[in-house]
Structures are given as structure tokens and as C-alpha cells.
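Right, one structure below, let's go through it.
Every chain is numbered from 1 and lettered A, B, ... according to where its sequence line falls, protein lines coming before strand lines.
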Amino acid sequence: MSAFILIRLKAARPQLALLVLALLVNVFVAPGFLDLRLQDGRLFGGLIDILNRGAPVMLLAVGMAPVIATRGIDLSVGVIMAISGAVAAAGVNAGLAWPLAILAALATGLVCGLWNGLLVAVFRLQPIVATLILMVAGRGIAQLITEGRILTFTEPHLIAVAGATLAALPLPVVLALLAAGLTGLLVRATALGLFVEAVGTNPRSSRLAGVHTSLVLGAVYVWSGLMAALAGLIATADIKGADANNAGLWLELDAILAVVIGGTSLYGGRFSIGRSVLGALVLQAMRTAILRAGLPPELNLVLMALVVAAVLTQQSPAFRPLAQSLVRRFKNKEAQA
Amino acid sequence: MGRFVNTRTLPLLATVVVFVLIYAICAAQYPAMLGLRVMGNLLTDNAFLGILAVGMTVVVVAGGIDLSVGAVMGLTTVALARLIEGTGLPPALAFALVLALGGMFGAGVGAAIHYLKAPAFIVTLTAMFLARGCALLISTDSIPIHNAAYDTLAAAALALPGGGRLTLVAGIMLLTFLAGGILLHGTRFGARVFALGGNGHFAQLMGINTGRTTILVHAFCSLMAALAGIVFSLYTRSGYALTGTGVELDAIAAVVIGGTLLTGGVGGVAGSFIGVLIQGLILTWITFDGTLSSWWTKIAIGALLFLFIAVQRLILVASARYGRSGAGPAAPSTPNQATSAPASRPSSGAAAPSAS
Amino acid sequence: DSGDKKGLTVGFSQIGSESGWRAAETKLARQGAEQRGITLKFSDAQQRQENQIKAVRSFIAQGVDAILLAPVVSSGWDEVLGEAKAANIPVILLDRQIDTPNVDLYLTAVTSDTIEEGRVAGRWLAGKVQGRDCRIVEIQGTVGASLVANRKKGFEEAIATAPNLHLVRTQSGEFTRAKGKEVMEGFLKAEAPGSICAVYSHNDDMMIGAIQAIKEAGLKPGTDILTVSIDGVPDIFKAMADGDANATVELAPDMAPRAYDILLAYRKDHAPPPKWVQTPSKLYEPDTAAAEYARRKDLY
Amino acid sequence: MANPEAPVVLAARGLTRQYPGVRALDGVDLTLRAGEIHALLGENGAGKSTLINLLTGAQPRDGGTITVDGVEIDPDGPGGAVQAGIAAVYQEITLLPNLSVAQNLYLGREPTRWGLVHRSRMNREGAALLRRFGLTIDASRPLSDFSTAVQQLIAIARAVDLSAKVLILDEPTASLDTAEVQTLFTLLRSLRDQGLAIVFVTHFLDQVYALTDRITVLRNGRLVGERRTADLPRLDLVAMMLGKTPTAESHLSRRPAAATPAGAPLVRAEGLGRRRLVGAFDAELHAGAVLGAAGLLGSGRTETALLLFGVETADQGQLLVDGKAVTLRSPRDAIRLGFGFCPEDRKLDGIVAGLSIRENIVLALQAKRGWWRRLSTAQQHELADRYIKLLDIRTPDAEKPIQLLSGGNQQKALLARWLATEPRLLILDEPTRGIDVGAHAEIVRLLEDLRDRGMALYVISSEIEEVAAYSDRVLVMRDRAPAGLLEGDSITPAAIVNAIAADHHTQGAA
Ligand SMILES: Nc1ncnc2c1ncn2[C@@H]1O[C@H](COP(=O)(O)OP(=O)(O)OP(=O)(O)O)[C@@H](O)[C@H]1O
Ligand SMILES: Nc1ncnc2c1ncn2[C@@H]1O[C@H](COP(=O)(O)OP(=O)(O)OP(=O)(O)O)[C@@H](O)[C@H]1O
Ligand SMILES: [Mg+2]
Ligand SMILES: [Mg+2]
């Protein structure tokens with residue numbers, strides 16, 4: 001088992017450092033941020049909030065990381081969230097039993113993923129184009145289901161997907177961590193991870209070596225669709241309603257950013273589920289800090305841009321030598337003084 | 001025949017054929033769509049998108065992508081409105097200023113991509129946040145521009161028979177396409193762009209300064225975005241920070257429909273022009289129909305996008321299979337088609353780090 | 001095929017379908033047209049001005065009898081409305097005003113007074129808390145959306161008269177439930193426990209999200225924290241009936257039917273209607289909530 | 001003949017390049033004189049390509065100086081080197097398949113008229129330039145229309161046209177046939193006589209003696225020495241490269257299988273072919289025997305392998321494995337039957353750059369086992385280490401990214417990938433291309449060893465001596481169709497050449 005530690009701590013140092021930094025900003029903005037208290041068997045506190053709010057993007061990132069590792073991208077995850085949420089809400093409102101409604105929602109994600117996978121793996125469309133199609137049409141599909149309204153529901157089990165507590169943690173957090181763990185295990189305890197990375201770096205060689213490249217390609221999109229559906233369920237349950245218009249809006253960009261912050265290259269190849277999850281948390285921590293800082297909302301986008309730019313710079317291969325030389329110069333100066 | 005119909009012109013040809021077909025269907029259903037009026041509208045209403053598509057084509061041919069164009073366009077419109085309304089700057093000066101700033105912004109983006117070795121997708125995404133955020137900081141309101149010179153420019157048009165008009169902005173777009181075509185297909189810079197998109201590392205080994213090319217390509221794209229902003233502000237005589245939200249995806253779609261490959265190195269602006277017209281046509285048709293609900297509109301747009309790409313793909317695959325008769329033994333496909341590189345000759349599409 | 005022999009053909013350029021309120025407006029526009037024998041050409045602009053301009057141009061090219069326009073932005077319409085005027089097609093603005101020096105470009109505007117909406121909300125709050133000190137948090141709509149500034153402005157005007165009311169925090173909830181909830185969670189964490197006395201939201205959807213956040217923080221919305229929002233969607237009436245919300249300012253969704261009536265009257269007697277047909281900004285409180293909910297729930 | 005007193009054109013002193021974990025170049029000097037052809041030799045991984053990369057600025061150097069005509073230069077990239085008069089052809093073809101031939105030739109220096117590229121002139125001049133290399137082609141066609149050999153010649157033509165003082169060629173002949181090599185040599189000699197300094201890297205010792213005036217030998221990133229070609233006997237040269245005296249016995253003496261295999265073949269192709277790919281051919285592959293494939297470049301040898309391995313699906317004839325007819329739809333079908341295939345293009349079809357040597361070695365075996373039955377990390381390490389030792393892959397450890405290995409060692413790692421699957425039939429396409437003398441012998445010995453252990457081998461090679469040495473049967477291909485089958489004692493290099501040359505060879509453009 002020790003071979004499958006999901007986050008190899010040493011490899012994740014940059015992401016951990018970023019997370020700590022983002023959390024420190026939160027502490028600076030809201031002093032009581034780190035306090036944790038147990039109440040009615042559930043933990044409360046700023047950290048829990050970040051985990052809880054970050055759960056959907058964590059899930060998306062978990063699905064997105066293998067996709068990006070195959071040199072792909074999935075622009076449709078936000079829309080899949082909306083569709084699956086709409087299916088679940090419409091399902092319970094139409095009198096479907098809640099387990100069936102949830103299954104239907106997950107199945108919807110699976111079908112969406114299958115569609116993407118088909119276009120990419122069989123029809124060989126460029127991933128960005130293939131998933132753009134669903135991104136454009138998908139919100140319409142979700143609205144078709146809800147007829148443009150917010151479908152509210154009162155089915156307690158469905159609401160519990162976002163509201164229940166398990167092991168003192170909000171259920172979304174547990175679900176996201178479980179999904180991450182399961183995915184990590186699926187890719188590292190089997191040969192899938194190797195295949196994904198091989199297909200992502202050199203599909204031709206991989207095929208010649210006997211890897212079923214189209215299957216691998218298709219599978220990552222299916223998985224991404226499934227994760228997005230789960231994220232959609234959480235988002236829908238969170239507001240007790242399916243908001244086809246806004247659920248998951250632009251979250252695909254967050255997920256991609258999270259995976260990139262997690263150190264997976266958009267050129268495919270090596271990927272890490274654990275670090276992608278950390279990337280999602282970094283994003284959420286930043287967002288929470290911006291929200292809670294009390295600055296005018298006009299500033300949000302600029303702040304976000306600056307932070308992402310800083311992260312990119314820090315991650316750049318060109319940055320380390322530069323930083324080292326700066327540190328050296330600084331030290332020299334200090335020595336002289 | 002064989003000279004003009006090859007793997008490179010084929011996607012373009014396919015696009016043109018599909019465009020004509022759709023137009024014919026539309027016109028059969030709604031004869032009003034046949035007139036020069038609708039044609040003129042198509043050009044005017046999509047002028048800004050066309051200009052964006054020119055810049056996007058160049059970036060995509062160079063193997064990159066630019067998600068910031070919509071935001072830069074929005075930023076330009078607000079900046080213009082502020083400059084002209086707030087400080088009373090003459091429009092000509094304001095235009096020059098925003099174009100220069102746009103170019104510099106793009107150069108910065110290109111420099112970040114090159115020197116940080118960061119993927120264009122993420123860098124331009126960040127640039128999109130930044131540009132949109134700056135626009136909102138300038139003003140969250142939409143600002144009307146009341147300026148005599150502006151009114152003249154906005155109203156300038158060539159009357160076409162049948163109530164149609166070829167407006168100044170449409171003219172600017174047509175000229176931009178012309179200039180873009182010459183730049184990309186007729187200059188040394190254009191050759192470098194294709195080289196960069198074909199294989200950046202090889203281009204560098206062949207003596208191309210890839211850094212400078214990347215910077216220039218993005219500067220050009222942002223310049224076009226700023227020009228699109230000017231055109232849009234002429235088109236609406238106002239400036240608004242949220243202008244062009246999501247328009248980058250339309251521009252990318254136009255480029256893709258036009259047969260330019262997102263993997264870089266293959267394509268051209270002519271296809272993008274058709275791509276823009278096709279999108280405009282689809283929207284016009286949906287409006288003429290007038291019965292589609294909001295959601296069916298979205299689904300229809302997505303379905304048509306799919307249709308286009310699928311048809312193109314089919315034609316390409318079919319031609320690869322049956323088309324190259326005559327000229328000696330046709331190319332056998334190399335071991336795998338999984339890479340989407342245009343020709344499957346072994347040396348294509350290698351992202352090889354270095355000579356071993 | 002431009003309409004029946006005698007029935008009117010009207011083009012409607014709608015902003016989009018971003019919220020339940022707008023879906024209701026669209027639905028009423030369709031129903032109203034059907035009832036009056038009008039052929040409706042509907043176009044969804046997906047929040048984009050350029051799409052609306054395209055749609056209006058297409059309507060003109062098609063030769064419709066009138067155009068309804070719910071403008072996504074206030075400025076930038078002079079050109080295309082000029083074309084409509086040149087083609088003798090009357091334009092009626094719905095839901096939002098435009099910014100133009102030439103009011104002849106449109107027949108009339110059927111809209112609410114968005115500043116007044118904010119004022120109504122603010123006045124209600126001032127009356128509700130009386131002289132008590134009250135720290136208010138505000139959940140704004142999407143930054144840059146045209147009515148956000150107005151709803152903010154009106155509200156601030158109204159509470160400026162009461163020195164005991166302080167607007168302590170404002171953040172954008174982007175008009176969505178999810179963001180409204182997240183923003184409210186942030187407010188509750190950032191402010192000292194129990195120190196928030198009221199929340200003002202630019203629309204009901206964000207307020208519904210905020211109410212959930214308040215509940216999850218262990219507080220009682222409507223009691224511990226007062227709520228006032230704008231729109232009047234069914235769910236907020238339900239919340240009021242349940243005692244979770246205190247007030248909503250209605251923005252009537254039946255703008256299109258009103259416009260049809262104005263149009264039909266105008267076509268009959270050619271007397272120009274007033275330039276602004278203001279829809280009421282009526283404030284509802286829990287007392288009538290249950291009835292109002294019953295009345296509206298099928299509308300949306 | 002070169003004049004030893006000719007002025008020094010380029011002098012590199014103390015060039016050093018450190019890669020993570022490898023000192024690829026350590027204080028190497030190189031002196032080039034006007035009008036000489038200078039061989040740069042060394043084993044795989046000796047640092048030849050690295051030296052070239054430093055000379056052209058394609059890679060930054062960590063130490064050393066370069067002077068051209070006495071002036072120190074510091075090229076910040078190949079562009080800068082060209083300005084200093086240095087042009088290079090890199091080991092792989094670094095041309096752009098999406099551009100036309102003429103655009104490739106003139107990239108960055110296109111003839112212009114009114115500020116625009118003068119296309120027709122460019123195409124004309126490009127075609128004229130290529131005619132000097134014996135190529136009569138339409139320069140406006142895309143580069144991707146042409147075979148590797150033609151592309152190689154185009155790359156050389158470009159460099160020749162660019163180089164004012166120094167021309168560097170890194171293994172330019174690896175994919176050229178004899179006639180093309182002769183044309184190239186004639187041209188290089190005439191360039192030399194015009195005063196150009198030419199650096200020539202090759203693993204073919206014959207070519208060294210046929211062409212070059214002076215030799216610089218590298219070993220493990222260090223300079224071993226510089227000699228006049230005329231003064232350096234072949235054995236001494238090999239000793240310099242290997243750092244030891246080689247055994248006198250040539251590794252290419254004929255050593256076919258001990259007993260000519262009889263009985264039913266393991267794999268039998270009967271009239272197998274595919275339209276537009278390769279004409280119907282027959283082949284029998286016996287356990288414990290080698291079927292060689294000979295032919296000119298473009299004669300369709302690779303294509304026979306593609307059909308046998310299911311990369312392309314045959315549309316005529318049939319394939320019998322163990323006497324049963326099978327249809328191969330993908331490489332996986334072939335692998336399931338116990339086949340393995342080392343493709344000729346290592347970089348594109350072979351290695352998975354970015355993954356470690358270990359992962360590259362286990363990939364095929366893992367794919368065969370399926371995704372569910374993962375080889376444990378320990379098993380993977382064991383497997384990788386075993387083959388690294390067995391094949392003498394030069395690497396500090398198995399976790400290094402494979403692209404950091406030199407070409408020859410990458411080839412061995414690919415061989416290891418297939419050996420790990422314990423195949424019954426191994427198909428090798430140009431297994432010794434671009435491989436140094438030492439490794440060459442090792443690989444040939446290894447093939448013989450595998451054969452003797454009962455594996456069926458199908459080896460495609462352009463080195464006729466080599467094919468003649470180990471094959472039990474030789475399939476000769478010409479113009480994408482079989483041109484003959486040699487068996488037993490009739491297999492001699494001369495016989496193979498005769499079979500290939502039976503009709504005049506035409507240029508291999510598609
Ligand atoms: N980019 C790189 N990163 C790390 N190590 C490298 C890199 N390129 C080459 N090396 C290492 O440097 C050494 C010299 O390699 P080089 O390519 O110069 O050899 P070579 O003499 O050209 O060999 P060959 O004959 O196989 O082409 C090798 O050990 C190789 O592994
Ligand atoms: N993808 C391709 N596109 C165009 N032409 C191709 C392609 N693949 C191969 N060819 C053509 O095939 C011929 C060379 O193929 P290839 O080198 O694979 O043949 P071969 O007989 O296996 O030669 P060798 O093994 O000696 O290199 C050339 O004529 C080349 O133009
Ligand atoms: Mg080398
Ligand atoms: Mg071959």
C-alpha cells in the first residue's frame with residue numbers, strides 16, 4: 001500500500017507551499033480563520049469551508065487531470081454539472097426514488113463523457129473542439145430539462161448530498177476525497193496511470209507497444225464526465241435546486257487551472273491526482289480570501305489574474321534559476337553590509 | 001485541379017461548399033435572406049468577430065491559442081469611451097493609443113508564454129481575467145460616446161442595391177482579412193508563423209527566433225482584438241466592460257470551422273472568413289425562424305458546429321483514403337493516426353526536446 | 001412566412017435565459033402573443049449585445065410589424081434603432097431603459113424603475129429596524145450588469161437618510177443561488193457573530209442561497225437577520241411564507257403583454273403612448289406570501 | 001586533398017556541457033581548417049551531437065570558447081551561428097513537414113519582391129539548388145510528400161546553401177542509399193575544394209576513409225585525439241573510439257542458424273498485401289531462424305513489417321500463425337500472438353519520451369497483461385535492471401527519462417521492451433541504424449543469440465553485409481513488391497545487391 005501514497009509529499013512541495021500561503025492570506029483577512037470547532041458531530045471552521053466549497057472543483061480536477069495527461073482538455077465539465085443536476089432534480093420532482101435520481105444523474109455524466117470520448121478517441125477530433133461542442137450545446141440541454149427555471153426540490157436525501165455529515169466532515173468533502181482516493185488508486189494500483197501517461201506523451205509508440213490507445217483516451221473522458229456529474233449533484237444539492245443556467249458556469253476553467261497548478265503539463269504526460277486536488281484547494285483558498293477581504297467586487301478578477309500569474313511564474317522552469325540568482329545577489333549584498 | 005485540391009485546400013473547400021449549401025437552404029426557406037441587405041448585415045454584424053478571427057488564425061497557425069481576445073476587445077471599448085467622453089481626446093488619437101496598448105498587451109502575453117515556457121492556454125486565460133478586470137475597474141457602466149466624428153464614422157456606408165449597406169466597419173473587416181492573408185501567406189513573418197506552428201523546436205534549429213515570433217504573433221492578435229474593440233465601439237457608439245464575453249470561443253470556432261488546425265502549422269484566414277460568415281448565418285437563420293426557445297437555440301448552434309466539423313472530417317478522411325490516386329504510390333499511413341498532425345510522415349509533429 | 005393575413009408579427013429580442021425571472025418573462029411573452037393572435041419571432045441573445053443587434057437587423061430584414069427589445073446594455077442602440085425607424089417599425093423597450101439622446105427611436109419603454117426598486121427595499125428596511133443600529137450586508141448582481149448600479153444606488157439613497165443603517169460589506173453574487181450562498185457564508189464568517197442585522201440582495205435567487213447559508217450557520221433568517229431582495233419569484237414567496245424571508249420588491253414579468261396592448265392600441269388610433277410605461281415596484285411582506293406564491297407558482 | 005597549412009576557420013577550445021547527471025562534453029577542442037572534411041567520431045553517447053549543438057548555439061554551453069576566423073563568437077541560437085557562417089544538419093531531420101520544400105530551403109531568408117515573398121522565384125531557385133544533389137522535384141510541394149531520404153537531402157541542401165564557412169553534418173548518410181551517398185560525397189568534395197570546412201559525423205567507417213581528411217575522436221565526452229585520416233589505420237581508429245583494441249574477428253562473418261529449420265513455419269504470409277501500400281508478398285518465419293529483408297529505401301520493407309504486425313490491415317492474401325489463418329487488426333492482435341516490433345523511427349514510433357527507462361521497458365509487457373494486472377513496482381525494477389545489465393544500456397539508473405539516453409542506448413531499451421514480452425516472433429526494422437561499431441556488434445550478437453534460443457526473427461536492414469551475415473532467408477523488395485527470395489548458401493552480399501539492382505532504381509518520392 002505504501003507504494004500508492006497518493007500525494008508524494010516531496011513532489012507536492014510547491015503546491016503545499018502555495019496552499020499554506022493562500023491560507024495565511026485568509027488568516028490575515030479573517031483572524032479566526034484557522035479555528036476549528038466540533039458542533040453536533042460536525043467540524044466547523046475556515047478550513048472546512050474551503051474544503052466544502054472547493055469540493056466541486058476538486059472533483060472536476062480529479063477527472064480533468066487524466067484528460068490533460070493524455071494531452072487533451074475537457075471544456076464541457078461545467079455543462080455536464082448543469083445537465084446532471086437538472087436530471088437529478090427533474091427526476092425527484094417527477095417522483096423518481098432518490099437513489100434512482102442520483103444514478104440517473106451519474107449515468108448522464110457517463111453518457112456525456114462517452115460522447116466526448118467517442119469524438120476524441122474514435123473520430124479523432126481535437127479535444128478542445130470535441131468538448132467545445134458539448135460546451136455550447138450542453139447548457140441548452142440542461143435548460144431544456146428545467147425549461148429555464150430553477151428546479152427546486154425538497155427530497156431530503158438528495159439535499160443530503162451536500163448537507164449531510166460523515167465522519168465529522170461535510171459529505172461533499174468526503175465524496176471529493178473518496179473520489180480522489182479512488183481515482184488515485186485506479187490509476188496507480190493498476191496500469192492505467194502508465195497507459196495514460198504513455199498515450200499522452202507518445203500515442204504512436206504506445207499503440208505500437210500494444211496499448212489500447214483509443215480505449216484509454218475514451219476512458220479518461222468518461223471518467224471526467226462521471227466526476228463532473230458528481231460535482232453537479234453536489235452543486236445542485238447545495239442550493240436545493242437545479243440552476244441549469246448557472247451551475248458549473250466557467251468551472252471548467254477553474255478545473256484546468258487547478259490541474260495546471262498541480263503541476264500537470266497541458267502538453268500531456270505525467271500527472272498527479274493528489275497535486276491536482278491541492279491545486280483546486282489553492283484556488284478555492286484564494287477565492288475565499290478575495291471574497292472575505294471586503295474589497296470592492298470590481299477587483300476580484302484583477303486579483304485572481306495577479307495571483308494566477310504569480311503562481312505560473314513560480315512554476316515556470318525559467319523561474320528557478322532566476323530566483324536563485326536573485327537570492328544569491330541578495331545574500332551577497334547582505335554579506336557586504 | 002490536382003494543384004489546387006490537396007490536403008491543405010480541401011478543408012477550406014469543404015467549408016465553402018457547406019456554407020453555400022446552408023445559404024441555399026436558408027434562402028429557399030426565407031427568400032428575404034437572399035437579398036443584399038442580409039448580406040450587408042452579415043458583414044457588418046460580424047465585423048468585429050471577423051477581425052478577431054484574423055488575429056486568432058495567426059495565433060492558432062503558430063501553434064498557440066488566445067483566450068484573451070474578447071476581454072481585450074471589451075477593455076478597448078471602455079477605454080475608448082473613457083478617453084473620448086472623459087478626456088475629450090480626438091478619436092483618431094484614442095484609436096492610436098488603444099491600438100498601441102493592445103499591441104503591447106499582446107507582446108507581454110507572448111513574452112510570458114515564451115520566457116516562462118507556460119502553455120498559451122493558461123497564460124491567455126490569465127490575461128483574459130486581467131483585461132476584463134481592468135475594464136471593470138475603468139467603469140462598470142456602459143458609456144455612450146457622443147462625438148460628431150464618431151457618428152460620421154459609424155454611419156459611413158456604401159449603399160448596395162436592395163436596401164443593403166456596406167458599412168465602414170464591414171470594410172475594415174474585409175481589409176483586415178486581406179491584410180491578414182498577405183501577412184500570413186505572403187511575408188517572411190508569415191513563413192515564420194507557419195514554421196513555429198509546425199514544430200517550434202525545429203524552427204529554432206532552422207534559425208528562427210521563436211521568442212520574437214511568439215511575441216509578435218500575440219502582439220498581432222491583441223492588436224486585432226483592439227481593432228475589433230474600435231470597430232465594436234463604432235458599431236455601438238459606446239463602451240462597456242463586459243463586451244465580448246465568450247466571443248473568444250466564437251473566434252476559435254470560426255477558425256476551426258475554417259479548416260485551421262489547432263495543432264498549428266496548417267490553415268489560413270480565408271477559411272476563418274467563411275467560418276465567421278457561417279456562424280453569422282446560423283444566428284440569422286435562427287432569428288428568421290423565430291420559434292426556437294433559448295435552449296433549443298443553444299442546442300442548434302452546438303449541433304451545427306458538430307455537423308460542420310464532422311462533415312469536414314469525413315471529407316478529409318475520405319480524401320486521404322481515395323483521393324491521392326494518380327501521383328505514384330499513395331502515402332501509406334504511418335503506424336498510427338492518433339496524433340492529429342496533418343500529414344503522417346514520420347518527421348511531422350514531433351515535440352522532441354533535443355537532438356540525441 | 002411573415003405572419004397570418006391579418007395578425008401582427010412581432011419580433012422579440014430577449015437578453016437570454018440566465019434566470020428564472022427571465023424565463024417567466026419569455027413565457028409570458030409567448031402566452032400573451034398567442035392570446036392576442038400575434039405571431040412572435042423570438043430570439044435569445046445569450047447575454048450579448050451584438051446578438052441583439054443582429055436579431056433586430058434580421059427582424060427588420062424580415063419586415064416584422066413591431067420589435068420588442070429587452071436591451072442587455074443601456075448604450076449602443078442608436079444605429080440599429082435608427083434603421084428600424086427608417087423602416088417604419090415601432091420598437092418597444094422591455095424591462096430596461098436605454099441611454100440615447102434621441103427618444104424618438106423607440107415608441108415606448110415598459111420597464112420598472114430600477115433605482116426605485118432599491119429605494120423601496122431601503123425604505124422598507126429603515127422602517128423595519130426603526131432607530132436600532134443595523135449593520136447591513138449587500139449581495140450585488142454581476143459586476144457590470146446595468147441594473148446593479150441602479151439597485152445599489154437606490155438602496156444607498158434610501159438608507160442614507162437613516163444614520164443608524166450602515167452598509168458594511170458588499171460583494172458580488174453574480175445573480176446566482178450558489179454564489180449568493182457562498183458570499184453570504186463569507187459575510188457571516190468575516191463579521192463578528194450576531195453583528196449582521198440585515199441582508200440586501202439584488203435578486204431573489206441570491207437571497208435564497210443566502211438564506212440557506214444563514215440557516216447552515218445556525219441562525220434564523222427573517223428573525224436573526226432581516227432579508228430584503230428584488231424580483232418576486234415564487235421561491236422567495238415560499239420562503240416568506242415559511243418565515244425565512246422578510247420582503248421582496250416585485251419586478252413584474254408581464255412586460256411583453258403590456259407592450260402588446262400598447263402596440264395594438266397604437267396601431268388602432270395612432271396616438272403615441274407615453275415614453276415610459278412604468279411597471280409598479282411593489283413590496284411584498286410575509287402576510288400575503290402564501291397567496292402570492294399560489295398565484296405565481298405556475299407562472300414561472 | 002586538404003592542405004594542412006590552410007588557415008584555421010573555426011577553433012573551439014574547452015567546450016563543456018553538463019546535463020543533469022551527465023557531463024556530456026568535458027573540455028573538448030575542435031579545430032577546423034579551410035578546405036577540409038573533418039570526421040567527428042565516437043561511440044553512441046560520446047558527445048558528438050552535443051558538440052554540434054554547442055557549436056551552433058542550439059544548446060547553451062557551460063564553458064569554453066568558439067572562434068571563427070580568429071574572432072570569438074557567442075551564438076545565442078542557430079540563427080546567430082548562421083550569421084557567423086556556420087550551418088548544420090542535425091541528426092534527425094529538423095525540417096518542417098507542413099511547409100513546402102522551397103519554404104524549408106529558404107526559411108528566414110526568402111527572396112522577396114516589394115516586401116513580399118517571391119514564391120515563384122523561391123520555387124525556381126529551390127528546384128535548381130536541389131538539382132545539384134541529383135533531385136529533380138517540384139519544390140512547391142509540401143515536404144511531407146517526400147521520403148526520409150529526400151528530406152535528408154533537402155536538409156543538407158539547405159545547410160550547404162546557408163554555410164559560408166563551416167558546414168556540419170550529423171549522420172547525414174544514415175538514411176541514404178549508395179547512389180545518394182555518392183552524389184552527396186561528390187558535392188561535399190567540391191565544396192571542400194571551394195574552401196569550406198566540413199564536419200562529418202558517421203558510424204560508417206568506410207565513409208570516413210572515403211571522404212574525410214582529418215578525424216577527431218570523442219569518448220565519454222572527452223577528446224581522445226585528432227589525426228590525419230591517412231595516418232590512422234582502421235584498427236587504431238576503432239581502438240581510439242572504444243578505448244580498447246577490438247578483437248580481430250569481424251562481427252559480420254556469416255553465422256546462420258546451426259540447423260536450417262525444417263517443418264512448419266511459425267508464421268506464414270501467403271500473398272499478403274494491401275492496396276497502395278505494398279504488393280502481395282510471401283514469407284515464412286521459422287522459430288530459430290532469421291528472415292532478412294533487403295531493398296532500397298522506399299522499396300516497401302517497412303510496409304511488410306506493418307502488415308505482419310497489424311499496424312496496417314492486409315486486404316489481400318492471408319496470414320497463418322501455427323497453421324491457422326488470422327486477421328490482424330491492430331498491433332494488439334499481433335502482440336497477443338506473441339509478436340514484437342521495433343520500428344525504424346525510434347523517436348516517433350519507439351520511445352515514449354518523458355517516461356523513465358523502466359516504464360519504457362515494461363510498457364509492452366504491461367500492455368499485454370492488460371491494465372488490471374499491473375506489474376508491481378518491484379517487478380518493474382527487477383525487469384528493467386535485468387535488461388539494462390543484459391543489453392549493457394549505459395545509464396546510471398532505470399529512472400532516468402529515456403530521451404536522455406543516446407540513440408544507440410535508446411535502441412537497446414526498445415529491444416528490451418520486446419524481449420520482456422518474451423515474443424515468439426520479433427520484427428526489427430533497421431535495428432542498427434545510427435549505432436556505433438561497438439553497439440552494432442553487440443546487437444548483431446544479441447540477435448544471433450535470440451535466434452539460437454528459438455525465437456523467430458524478421459530483420460529489415462539497409463546494411464547488406466549484416467543481412468547476409470545472419471539471415472537464413474532473405475526477402476528482397478523492390479518498388480513495394482517482392483523481387484526475390486534468397487536461401488541458404490546463395491545468400492551473399494553480392495547476390496543481394498544483384499537482386500536489388502535487377503532493375504534501375506528510381507527516386508523514392510511518393
Ligand atoms: N538533452 C539532454 N539532457 C540530458 N542528457 C543528454 C541530453 N542530450 C544528450 N544527453 C546525454 O549526453 C551524452 C552525449 O550525447 P550525444 O547525443 O552528444 O551523443 P552522440 O555522440 O551524438 O551519440 P549518437 O552517436 O548515439 O548520436 C549522452 O550520455 C546523452 O545521454
Ligand atoms: N506517411 C507518408 N506520407 C507520404 N509518403 C510516405 C509516407 N510513408 C512512407 N512514404 C513513402 O514511402 C517510401 C519510403 O517508405 P519507407 O522508408 O517506410 O520504405 P521502406 O522500404 O521501409 O524503406 P526503408 O525501410 O529502407 O527505410 C517513400 O516513397 C515515401 O515517400
Ligand atoms: Mg548523435
Ligand atoms: Mg523502412
Side chain from CB out, backbone as N, CA, C, O: work out which of these in A/Leu303 comes under 4.5 Å of a heavy atom of chain B, or both, or neither.
neither
Should we say atom CZ of A/Arg270 is surrounded by more than 12 heavy atoms from elsewhere, each under 6.0 Å from it?
yes
Among the listed options B/Leu249, B/Val256, B/Leu262, the residue most often paired with chain A at heavy-atom distances under 4.5 Å
B/Leu262
Straight-line distance of B/Ile299 CD1 to A/Ile141 CD1, nearest 0.5 Å
5.0 Å
Can you tell me how far apart CG (B/Leu305) and CE (A/Met135) are? Round to the nearest 0.5 Å.
12.0 Å
Does the side chain of A/Val260 come within less than 4.5 Å of B/Phe121's, by heavy atoms?
no
What's the separation between atom CD in A/Gln126 and atom CG in B/Leu261, rounded to the nearest 0.5 Å?
5.5 Å
What part of A/Leu134 lies closer than 4.5 angstrom to a heavy atom of chain B: side chain, backbone, both or neither?
neither
Can you list the residues that meet the side chain to side chain contact (heavy atoms under 4.5 Å, CB included) rule with B/Leu137, with sequence neighbours excluded?
A/Glu298, A/Leu299, A/Val302
Taking atom CD1 of B/Ile301 and atom CD1 of A/Ile133, what is their separation to the nearest 0.5 Å?
13.5 Å
Exercise: identify the closest heavy-atom pair between A/Leu257 and B/Phe129
CD1-CE1, 4.1 Å
Kindly give the heavy-atom pair with the smallest separation between A/Leu132 and B/Ala253, and that separation in Å.
CD2-CB, 4.4 Å
For each of B/Thr140, B/Ile122, B/Val123, B/Leu130, tally heavy-atom pairs with chain A at distances under 4.5 Å, and name the one with the top tally.
B/Ile122
At what distance, to the nearest 0.5 angstrom, does CG of B/Leu125 lie from CH2 of A/Trp250?
10.0 Å
Please lay out, stage by stage, how B/Trp295 and A/Thr146 fare under the test side-chain contact (heavy atoms from CB on, under 4.5 Å).
CA-CA 10 Å; B/Trp295 29 99; A/Thr146 65; over 6 Å; no
Choice from A/Ala130, A/Ser265, A/Ala137 maximising heavy atom contacts with chain B below 4.5 Å:
A/Ala137
Heavy-atom side-chain proximity of A/Ile128 to B/Ile252 below 4.5 angstrom:
no
Residue part contacting chain A, namely of B/Tyr115, when any heavy atom lies under 4.5 Å
backbone
Is atom CZ of A/Phe123 surrounded by more than 12 heavy atoms (other residues, nucleotides or ligands) closer than 6.0 Å?
no
Restricting to pairs with a member in residues 132-143 of chain A, which pass side chain to side chain donor-acceptor pair (under 3.5 Å), not counting sequence neighbours?
A/Gln143-A/Asn245, A/Gln143-B/Lys298, A/Gln143-C/Ser17
